[in-house]
Structure formats: structure tokens, C-alpha cells
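See structure below.
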Amino acid sequence: MVKNYIFLGPPGVGKGTLASLIQEEKNIKHISTGEIFRNEMKKKTKLGLEVKAIIESGDYVPDNITNEIVKNVLNSDEVKKRGFILDGYPRTVNQAEFLKENKINLDGVILLDASDKVIMERLLGRGLGRADDDPKIISTRLDVYNKKTKPLINFYKAENLLVTINAEGTIEENYNRLIEAIN
Ligand code: ADP
């Protein structure tokens, strides 16, 4: 049976790192909407140019754009065969409802949890590899997460899908907790 998971959690909590480790271990397809957008920006496609200013301001890309992209990816044969880890999607209640309307089966929503203090330290420590890792933009991204994404915690609790993992440890510690949770 293929497994489908969502990784939920604040920016910098390690969703991407852990999702790629799980992809290696279990061959489940890792899908990062942030990475899809960054690739489009690098290639200067129409989509990339459209979302660049929004992403660099720390805000979210409009739901209709993001939903359409995710729908296409989830409809691919590869994802149907391997299952998926959605990293960074859904990020709004509208996006979560979109998955439901499209009858996307979910086996679990893993909340990677860490305090604002730990998150701030990690993001600042990551340095300026990305335009949105500037200290001012980081604080916007945390505000946007708290306002637009945190409601998903109760949304998925109500669906009985939420599993919370303490993600304040090392990558190895967090990975072990995660493997335990999904096995
Ligand atoms: P992080 O988790 O560190 O914020 P991501 O790579 O997941 O990094 O996302 C980077 C940016 O891409 C977000 O700040 C947002 O602007 C945009 N983005 C990614 N996923 C979504 C989404 N599901 N909805 C709207 N915007 C998104």
C-alpha cells in the first residue's frame, strides 16, 4: 500500500531535510512546493516571475496558483505509485480543503514542532542562502505561519490525522522520532 503524508510545521523546522531522508529510506516521493517555486524562479519562467516578489516578501503565493500546481503533481503516475510526502503544502485552510475536495487520501499529518526561539536561531544560523532568509523577512514568515498555517493543526486534529513530533533535537534524533511515528 502506498503511503501519503503531510509534513506540517514552521519555516526552518527541518521539514525538507527530514522529508528527503524519508524519501531515501522508503522511496516515498518528496514534494516541496517551496522548491518547485524556487526552481521556476531560477529558470525565470512565467510562473517564477509571477511569484518572485511575493516569496521574497515572506508572504504566501495565492492559493489558486499553488493548488493547481499541487493537483498536477499529485496526479502524476509516479506519485500514485510511490505515495507522497507533501512538504510545505497545505499551508492554508483553503489548501487543506482543496485536498479534501479532490479526495486525496492521507495516512497522516506530521506536525514537526519547535518553539519560536529555536526556529529563529536556526533560520538566522542558516545564513543568507535564500533571499527570504533575511532577518526581517524571517520574522514576516513566522508571522504568516502563525496566522495562516497554525489553524491547520486543529483542522487535522479534527480529522484524526495529526501526529505531533518534537523537532527541537538533532536531525538524527528528529529522524528517529519520525520513523517511529510513521512505522
Ligand atoms: P520554509 O518552510 O522555510 O518557509 P519553503 O521552501 O517551504 O520554506 O517555502 C518558501 C516560500 O515558498 C514560502 O515562504 C512561500 O512564499 C512559498 N510557498 C511554499 N509553499 C507554499 C504554499 N503551500 N502556499 C503558498 N506559498 C507557498
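All heavy atoms count here, side chains included; hydrogens, waters and symmetry mates do not. Read the numbers this way: they start at 1 and go in the same order the structure lists the ligands and their atoms.
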Atom pairs and distances, ligand 1 N/O vs protein N/O under 3.5 Å:
unit_1, atom_1, unit_2, atom_2, d
ligand 1, 2 (O), K15, NZ, 3.1
ligand 1, 2 (O), R91, NH2, 3.2
ligand 1, 3 (O), R141, NH2, 2.8
ligand 1, 4 (O), R91, NH2, 3.0
ligand 1, 4 (O), R141, NH2, 3.3
ligand 1, 6 (O), R38, NH1, 2.9
ligand 1, 6 (O), R38, NH2, 3.0
ligand 1, 7 (O), R91, NH1, 3.1
ligand 1, 7 (O), R91, NH2, 3.4
ligand 1, 8 (O), R130, NH2, 3.2
ligand 1, 16 (O), D59, O, 2.6
ligand 1, 20 (N), T33, OG1, 2.7
ligand 1, 20 (N), G88, O, 3.3
ligand 1, 20 (N), R91, NH1, 3.0
ligand 1, 23 (N), G88, O, 2.9
ligand 1, 23 (N), Q95, OE1, 3.0
ligand 1, 24 (N), Q95, NE2, 2.9
ligand 1, 26 (N), V61, N, 3.1

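- For the pair Q23 (side chain) and H30 (backbone), a donor-acceptor distance under 3.5 Å is present.
- In this structure a side-chain-to-backbone donor-acceptor pair under 3.5 Å is missing from E25 to L21.
- When each of T66, T33, N67 is checked for a side chain to side chain donor-acceptor pair (under 3.5 Å) with Y89, only N67 meets the rule.
- Here the side chains of N174 and T17 are not in contact, with every heavy-atom distance at 4.5 Å or above.
- A salt bridge is defined here as a Lys NZ or Arg NE, NH1 or NH2 lying under 4.0 Å from an Asp or Glu carboxylate O, and K148 with D59 meets this definition.
- Taking 4.0 Å as the cut-off between side-chain N and carboxylate O, D134 and R141 do not count as a salt-bridged pair.
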